[in-house]
Number of protein chains: 2
Amino acid sequence: MARTPRNTLSADLIVRTALELMEAKGAGAFSLRGVAAELEVGPMALYTYFRNKDDLYDAVRNHLMSLLPPVPPEVPWPDQVRAVCRSLRLLMLQHPCLVQLLGGRPLSGHETARVAEGLLGVLRAAGFAPEAAARTHTTLFTYVLGSASWEIQMAAERRDPEAWRRLRVSIESLSAREFPAVVELAPELARTTGGDEQFDYGLDLLLSGLQARTA
Amino acid sequence: MARTPRNTLSADLIVRTALELMEAKGAGAFSLRGVAAELEVGPMALYTYFRNKDDLYDAVRNHLMSLLPPVPPEVPWPDQVRAVCRSLRLLMLQHPCLVQLLGGRPLSGHETARVAEGLLGVLRAAGFAPEAAARTHTTLFTYVLGSASWEIQMAAERRDPEAWRRLRVSIESLSAREFPAVVELAPELARTTGGDEQFDYGLDLLLSGLQARTA
DNA sequence: ACCTGAACACCGTTCAAGT
DNA sequence: ACCTGAACACCGTTCAAGT
C-alpha cells in the first residue's frame with residue numbers, strides 16, 4: 001500500500017469508509033481509529049471533517065436516509081403506506097447499523113425530515129386529520145423500527161452457531177408444565193420469526209385498523 | 001468508605017450495581033471497571049461470577065425481565081393483550097437500558113420465555129391458531145419494542161438542552177415548499193410524540209385489526 | 001473458590017506542532 | 001486549511017500469582 005496523505009481525504013470519503021466498516025464488522029466494533037487506518041491517515045485527520053465520533057454517526061445516518069426511494073404516486077393510499085413502510089424496512093435490513101444509529105443518536109438533518117414528509121403527505125392527502133396523521137405516522141414508523149430491529153437481532157443469532165445452539169438448548173430445556181404455550185408453539189415461533197410475510201402480517205393489521213377507522 | 005474485599009461479593013450484588021450504573025449514566029457509559037470501582041474491588045473480581053461483559057449484560061436483562069407482572073386473569077382477551085403490552089412498555093420506560101439489552105444481545109434464560117408465555121397463552125386461549133398466535137405475538141412485541149425505543153430516544157432528546165435546541169432549529173429551517181406536511185404538522189408531531197395516548201393509539205389499531213379478523 | 005496486580009491491545013480526544 | 005505525533009484517561013481481557 002502506497003502512502004496517500006495527499007488531498008484525497010473528504011467528508012464523503014470518510015462517511016463511505018465508515019459505512020463499509022460498520023456493515024462489515026457491525027456498528028459495535030466500529031472505531032474512528034479503524035476508519036483512519038483504513039484510509040491510511042492518522043486518527044486526528046478525521047477531526048478536520050467531523051467534530052467527534054457522534055458527528056460522524058450523524059453523517060452516516062443522514063447518508064443512509066437519503067437512499068430511501070420516493071413514494072409511488074398514482075396508487076391508492078394504503079398501497080402507498082405499504083410501499084413506504086416496506087422500503088424503510090428494506091433499507092434497515094440492508095444496513096443493519098441504521099437501526100442502532102436511529103436508536104442511539106439525536107435526530108437532525110433534512111434526510112430524516114424527508115422520510116417523515118413522504119408518509120405524512122400520503123396520510124394528509126388521504127384525508128387524515130392533523131392529529132390522526134401525526135399519530136399514524138409515529139405508529140407506523142415505530143412498528144417498522146421495532147420489527148426490523150428484532151429481525152436483524154434474530155438473523156445475527158442464526159448466523160452465530162454458538163448463540164444459535166444456546167438458544168435451541170434454552171428452548172428445549174423449558175418445562176412443558178411451566179411454559180405450555182411456548183413449548184407448543186416453538187416450531188411456529190421459529191418458522192414465523194422474521195421474513196416479509198411476518199412483517200406484512202403486522203402491517204396489514206395496522207392498515208385494516210386504519211381503514212376501519214376512516215370508513 | 002471502608003474497604004470491603006470480604007465475602008460480600010455475589011452475582012446478585014454485581015447485577016444490581018450494574019443496573020444502577022446503567023440507569024444513572026445510560027447503558028453506553030456503563031463499564032465493568034465502573035462496576036468494580038463502585039464495589040471497591042479490582043476489575044478482575046467480577047470474572048469470578050461472569051465470564052465476560054456480555055454475560056453480565058444477559059444477567060441484567062434476565063433480572064429486568066423477571067420484574068414483568070403476570071397476566072391479569074378473568075378479563076376478556078383484548079384487555080389481557082392490552083395489559084401485557086402496557087406493562088412491557090412501562091418496564092422498558094422505567095429501565096431504558098432494557099431496550100438496548102434486548103436489541104444488542106442474543107436471547108437466553110427462562111425470564112424471556114416467561115414473557116412470551118404470557119402473551120402466547122392469552123392468544124391460544126382466545127382461539128388463535130398456532131401460526132396466527134405466533135405471528136400476532138411477534139407483531140405486538142416488536143410494536144412495543146419499537147415504540148418504547150423511540151419514546152426513550154425522544155425523552156433523552158428533550159432532556160439534553162443542546163440536542164433539543166438543534167432539533168428545533170433543524171425543524172424550523174425546513175422549507176415549507178420542500179416539506180409541506182412536516183412543516184404543517186410539526187406542532188402535532190411534537191405534541192403526539194410519546195406518551196400513553198400515542199402508544200394506545202397504535203395498540204388499538206392492532207387490536208381492532210385482530211378483532212376484525214377473529215370475527 | 002475467590003480476589004489481586006501487572007500487562008496487553010485497544011479506545012476517543014486534547015494539545016502542540018508542522019505544512 | 002489540513003494533517004501529524006505524542007500523550008492522557010479510559011476500555012475489556014489475559015496471565016500469573018496470591019489466599
Side-chain angles (χ1 to χ4, degrees), chain A residues 1-61 97 100-101 104-106 160 162-163, chain B residues 1-61 97 100-101 104-106 160 162-163:
Chain A
M1 297 290 172
R3 288 216 149 214
T4 49
R6 296 168 296 188
N7 262 14
T8 55
L9 220 51
S10 73
D12 198 64
L13 179 61
I14 294 171
V15 166
R16 288 201 329 263
T17 308
L19 182 57
E20 273 176 34
L21 288 183
M22 282 185 191
E23 288 182 353
K25 302 175 156 194
F30 164 81
S31 74
L32 285 183
R33 290 179 114 108
V35 176
E38 182 72 24
L39 292 168
E40 302 189 66
V41 293
M44 291 316 298
L46 309 179
Y47 283 74
T48 306
Y49 302 91
F50 300 97
R51 295 212 330 259
N52 50 33
K53 197 184 187 184
D54 284 340
D55 200 25
L56 178 52
Y57 278 143
D58 290 346
V60 173
R61 188 202 50 207
C97 55
Q100 279 156 288
L101 292 173
R105 286 285 309 151
D160 180 2
E162 171 57 19
Chain B
M1 297 290 174
R3 289 215 148 213
T4 48
R6 295 168 296 186
N7 261 14
T8 54
L9 220 53
S10 72
D12 198 65
L13 179 61
I14 294 171
V15 167
R16 287 200 329 263
T17 308
L19 182 57
E20 272 176 36
L21 288 183
M22 281 185 192
E23 289 181 354
K25 302 175 156 194
F30 164 80
S31 74
L32 285 182
R33 289 179 116 107
V35 176
E38 182 72 24
L39 292 167
E40 301 188 68
V41 294
M44 291 315 298
L46 308 180
Y47 282 75
T48 306
Y49 302 91
F50 301 97
R51 296 214 327 260
N52 50 34
K53 197 183 188 185
D54 284 339
D55 201 24
L56 178 53
Y57 277 143
D58 289 345
V60 172
R61 188 202 51 208
C97 55
Q100 279 156 288
L101 293 173
R105 284 287 307 153
D160 180 2
E162 171 56 19

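Lettering of chains follows the sequences in order, A, B, ..., and the numbering in each one begins at 1.
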## Note on the structure
Rounded to whole Å, the CD-P distance (A:E40 to D:dT4) equals 11 Å
### Task
Can you sort out the partners of A:L56 under side-chain contact (heavy atoms from CB on, under 4.5 Å), two or more places apart, ordered by chain and number?
A:I14, A:V15, A:A18, A:F30, A:L32, A:F50, A:V60
### Query
Think A:T48 has a side-chain N or O under 4.0 angstrom from the OP1 or OP2 of D:dA1?
no
### Query
To the nearest Å, how far apart are B:L46 CG and C:dC2 P?
14 Å
#### Entry: Sub-4.0 Å heavy-atom contacts from residues 12-25 of chain B onto DNA chain C, ordered by number
none
### Closest heavy-atom pair and its distance - B:S31, B:G34
OG-N, 2.9 Å
### Query
What salt bridge (charged side-chain N to carboxylate O under 4.0 Å, His left out) pairs are there with at least one residue in residues 10-38 of chain A, not counting sequence neighbours?
A:D12-A:R16
### Task
Write out the stems for DNA chain D, ordered by first number and formatted as range with range, counting runs of at least 3 consecutive Watson-Crick or G-U wobble pairs under 3.5 Å.
C:4-8 with D:12-16, C:12-16 with D:4-8
### Message
Using every non-hydrogen atom in the two residues, find where A:D55 and A:N52 come nearest and quote the distance to one decimal.
### Response
N-OD1, 3.0 Å
### Which residues share a side-chain contact (heavy atoms from CB on, under 4.5 Å) with B:T48, sequence neighbours left out
none
### Message
Side chains of B:L19 and B:C97, heavy atoms from C-beta outward: is any pair under 4.5 Å?
### Response
yes
### Summary
Quick tally for nucleotides 13-19 of chain D: nucleotides whose base has a protein heavy atom under 4.0 Å get B, sugar-phosphate-only ones S, the rest -, giving BBB----
### Task
Give, for atom CG of B:L101 and atom CG of B:D54, the distance between the pair rounded to the nearest 0.5 Å.
10.5 Å
### Query
Roughly how far, to the nearest 0.5 Å, is the CG atom of B:L13 from the OG1 atom of B:T17?
4.5 Å
### Task
To the nearest 0.5 Å, tell me how far B:R61 CZ sits from B:Q100 CD.
13.5 Å
